[in-house]
2 protein chains.
Amino acid sequence: MDGDRISAGGGKVTLQRLAVELGLSTATVSLALRDSPVVAEETRLRVQDVARARGYVANRGAASLRTARTNIIGVGLHDIINPSFTELLAALEEALSAAGKTVLLGVGQEDVTRQTRILGTLAEYRPDAFIVSPAAGTGVDDLRALAISGIAVVQVTREVEGSGFDFAGSDDVTGVSLAVSHLVALGHRRIAMIGGFDAASTGRRRLEGYQAGLAAHGLAYDPTLWASGRGTREHGRLAVEALLRLPDPPTAAVCFNDLCAFGALMGIQAAGLTAGADFSIVGYDDIGEAALWHPALTTVFTRIPEYGVAAAKLALARIADPQRPMERTVLEPHLVVRASTGPAKSAKHRAG
Amino acid sequence: MDGDRISAGGGKVTLQRLAVELGLSTATVSLALRDSPVVAEETRLRVQDVARARGYVANRGAASLRTARTNIIGVGLHDIINPSFTELLAALEEALSAAGKTVLLGVGQEDVTRQTRILGTLAEYRPDAFIVSPAAGTGVDDLRALAISGIAVVQVTREVEGSGFDFAGSDDVTGVSLAVSHLVALGHRRIAMIGGFDAASTGRRRLEGYQAGLAAHGLAYDPTLWASGRGTREHGRLAVEALLRLPDPPTAAVCFNDLCAFGALMGIQAAGLTAGADFSIVGYDDIGEAALWHPALTTVFTRIPEYGVAAAKLALARIADPQRPMERTVLEPHLVVRASTGPAKSAKHRAG
DNA sequence: GACGTGGATTAAATCGTTTAGCATGAGGCT
DNA sequence: AGCCTCATGCTAAACGATTTAATCCACGTC
């Protein structure tokens, strides 16, 4: 009933097939489908109608072979359960998909070997760019290897110093020192830092911010108050418990990230103390969950969604012009005061 | 110093180039790289050495053109900020990448139109399979369109009834009725349901579980106690506040998911009540955050990581054999009792 | 009627791989 | 010597699109 022109027609529907059916060349069909001005209006409409009726779906793999452009962006993160990376991924996906790009996802799990394998696989799909938050310990050469076939590389959140690739992230030194200043203003003098490790740029910078914050108020840096480690709930909890057992325990802590801080809040509660009153905690990132904790977490908003979008923009710009000078987008973080911090109790104030 | 054989050599390194350099045909090189037994051991090693030295990276797009296999799996979710979907995505990614597949990600944002566009774009990359959690309101035809060019389709979490595609998820009817029974056992008689809507299979099933749970204990279903809506923190909070304002308020609620439940916990606290003592809340999914709330959330563990892996397996199986009979993997959920539920206060017990 | 003009279409090359089928040559066997 | 087999490698044809340069054709102009 619905015409013989739109018959079932067996196999896959390709440009070839459409061309034959329309009595045109593949060249014309290809141009018509992409709204080229050189093909006559009438022809264009006819082609597009038939393509739609036939359920034609372009094979972008084939097209990419010719055009050397895939519209794929390889995104390499080391963790996606951590909500801060989830929020980043969501921002990246949205910005890229709005620009007609599609995300090919690889998760490296904070392991350079695995990361190398995963990114190597992604590279086989010839993404137009990589957006990477490199695993701790990633070297300049690991990243260079990605760029070897002319793929743009953008770093996000973390960076490999001296790699020379674009970067979008937050000013971690300033961020953590804001946190420290807040605690000092509340009267705290023994302030710990929980989480962070040397192999990641974020670890180094946040430690630097911690030290800078202390120094700015004339406080000495005491290495026993730095509970180095990964940014997990587990580490946060264990670390705060260890700190509380010290002979001269701190009264407050800044954390490497919010996850750590949540763990610390749990540890404090488990020790029978009340966060905000007995011990102050500042998180880092301000993920969605932070506002919902009990007590709500005082933290530093690093503007993850914004720098996610910035990273996407950097990638698009570099794809458009591979020769452009290296660019760094570093956002200024904001302190968000909630209920997990409060005035220092009248603990004995040590000199220094 | 390191030999003239490994010279810089300009442009992209392709099979062609390797073949020329080696004095072999592309056929031999291709076979050698894939460890085909028809090429001599010695040749194979020589080829692989040179390939490595040259930094050869196969172009999988080109290969796929020939083999009609991309090793890409299109994953379409409607939300990735929601931790339950993040956990799902992580499980999918891990299982697929272990099987040599790569995830091409699309986020539909609970909007059928957008979902159609996104999945259409993914389809252009000719994934070997789609794993989809369809947006509410998705019809059988929307899904069929995906399968049209022979791409395997697997549904996860949610399903479009009657679509005939494989499915992996949790038994929602049983799950919610477990939650209801738990509350009944604690003495609750007026039990609300927060969240869920008719356009998603999960919404229908969980409502059904709620009703079945009530019926199993001879309790009547009261439509004013179903606060239909999306599974968000916002909805959970508003819903519980509305329920508390009812002339004859409930003493407990089961929720569509954990996010809803978190919102409800906030609402209860904001109303000056204590969850677990004054009002009981049961969540759904048991995402990581659930154990950390204050009070820790009683919830139903739907085994998301397990059915994520199951979905990946179904996809791989269907790729291997497109003719195999449709399969549904439906896991039995477990109740996880924590602190957000407790005995009903001696409120007036209504008959019925 | 020759010729230029310009709009519409097409032929053919190309991208980088895979694979069916064929070619070659060295032994082994009768 | 003649024939077969086996191991190895090669030729050439796909796969499905894009793009450049060429062709075709109708029309107006002088």
Side-chain angles (χ1 to χ4, degrees), chain A residues 10-48 50-51 54-72 123-128 149-151, chain B residues 9-48 50-51 54-72 121 123-128 149-151:
Chain A
K12 329 251 169 224
V13 34
T14 67
L15 254 200
Q16 284 284 357
R17 233 177 251 279
L18 287 184
V20 170
E21 178 165 352
L22 283 154
L24 290 171
S25 70
T26 59
T28 305
V29 176
S30 170
L31 293 168
L33 287 176
R34 283 170 303 138
D35 292 320
S36 160
V38 316
V39 25
E41 172 80 359
E42 188 202 8
T43 312
R44 211 194 68 213
L45 293 175
R46 199 160 61 92
V47 169
Q48 296 183 344
V50 173
R54 287 305 216 154
Y56 172 71
V57 177
N59 183 326
R60 206 177 286 246
S64 301
L65 198 49
R66 187 65 228 270
T67 59
R69 180 120 306 170
T70 55
N71 286 325
I72 287 177
E124 296 187 354
Y125 294 99
R126 297 287 189 277
D128 295 337
S149 16
I151 302 177
Chain B
K12 329 251 169 221
V13 34
T14 67
L15 256 200
Q16 283 283 358
R17 230 178 253 278
L18 288 184
V20 169
E21 179 165 349
L22 283 154
L24 291 170
S25 71
T26 59
T28 304
V29 176
S30 170
L31 292 168
L33 287 175
R34 282 170 303 140
D35 292 319
S36 160
V38 315
V39 25
E41 172 81 359
E42 188 201 8
T43 313
R44 210 194 68 212
L45 293 175
R46 199 161 61 92
V47 169
Q48 295 182 346
V50 173
R54 288 305 214 153
Y56 171 71
V57 177
N59 182 326
R60 206 176 287 246
S64 300
L65 197 49
R66 189 62 228 271
T67 59
R69 180 120 306 171
T70 55
N71 286 326
I72 287 178
T121 303
E124 296 187 354
Y125 294 98
R126 296 287 188 277
D128 295 337
S149 17
I151 302 178

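The shown structure was predicted, so the numbers you read here are calculated from the model rather than taken from an experiment. Sequence lines set the chain letters: A, B, ... in the order given, protein chains first and strands last, and positions in each chain run from 1.
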Of the listed nucleotides C:dT19, D:dG9, D:dG16, the one nearest the side chain of B:Thr28: D:dG9

Touch class at under 4.0 angstrom, heavy-atom based, for A:Ala58 against every strand present: sugar-phosphate

Length of the CG-C1' vector between B:Leu31 and C:dA20, whole Å: 11 Å

Distance in angstrom units between A:Asn59 CG and D:dC15 P, rounded: 12 Å

D:dA17 phosphate, OP1 or OP2, under 4.0 Å from A:Tyr56 side-chain N/O: yes

5' precedence on DNA chain D between A:Val13 and B:Val39 (nearest-nucleotide basis): B:Val39

Atom pair distance, as rounded to whole Å: CG in B:Leu33 and P in C:dT17: 9 Å

Gap between atoms CG and C1', on A:Leu22 and C:dT10 respectively (whole Å): 15 Å

For A:Ile151 against A:Pro127, the heavy-atom pair lying closest together: CG2-O, 3.4 Å

Sugar-phosphate only, base, or nothing, as touched by B:Thr14 at under 4.0 Å among non-hydrogen atoms: sugar-phosphate

Euclidean distance, B:Thr67 OG1 relative to B:Arg60 CZ, rounded to 0.5 Å: 9.0 Å

Separation of atom CG in A:Leu24 from atom P in D:dC24, rounded to whole Å: 17 Å

Short side-chain N/O contact to D:dT18 OP1/OP2 from A:Ser30, under 4.0 Å: yes

Spacing of B:Glu42 atom CD relative to D:dT8 atom C1', expressed in whole Å: 12 Å

Spacing of CZ belonging to B:Arg46 relative to CG belonging to B:Leu24, to within rounding of 0.5 Å: 5.0 Å

Touch class at under 4.0 angstrom, heavy-atom based, for A:Ala63 against every strand present: sugar-phosphate

Nearest listed nucleotide, side chain of A:Ser25, among D:dG9, C:dT10, D:dA17: C:dT10

Donor-acceptor pair under 3.5 Å, A:Arg66 side chain vs D:dT18 base: yes

Backbone of B:Thr70 reached by a side-chain donor or acceptor of B:Tyr125 within 3.5 Å: no

Sugar-phosphate only, base, or nothing, as touched by A:Thr67 at under 4.0 Å among non-hydrogen atoms: sugar-phosphate

Sugar-phosphate only, base, or nothing, as touched by A:Thr43 at under 4.0 Å among non-hydrogen atoms: sugar-phosphate

Distance, rounded to the nearest Å, where A:Leu65 contributes CG and D:dC15 contributes P: 14 Å

Nucleotide of C:dA8, C:dT18, D:dT19 approaching A:Arg34 most closely (side-chain heavy atoms): D:dT19

A:Ser149 OG to B:Tyr56 OH distance, which is reported to the nearest 0.5 Å: 11.5 Å

From CA spacing to verdict: side chain to side chain donor-acceptor pair (under 3.5 Å), B:Glu124, A:Asn71: CA-CA 11 Å; B:Glu124 296 187 354; A:Asn71 286 325; over 6 Å; no

Options C:dT17, C:dT9, C:dA11, nucleotide nearest the side-chain atoms of A:Ala27: C:dA11

Interatomic distance, B:Arg126 CZ vs C:dT17 P [rounded to whole Å]: 20 Å

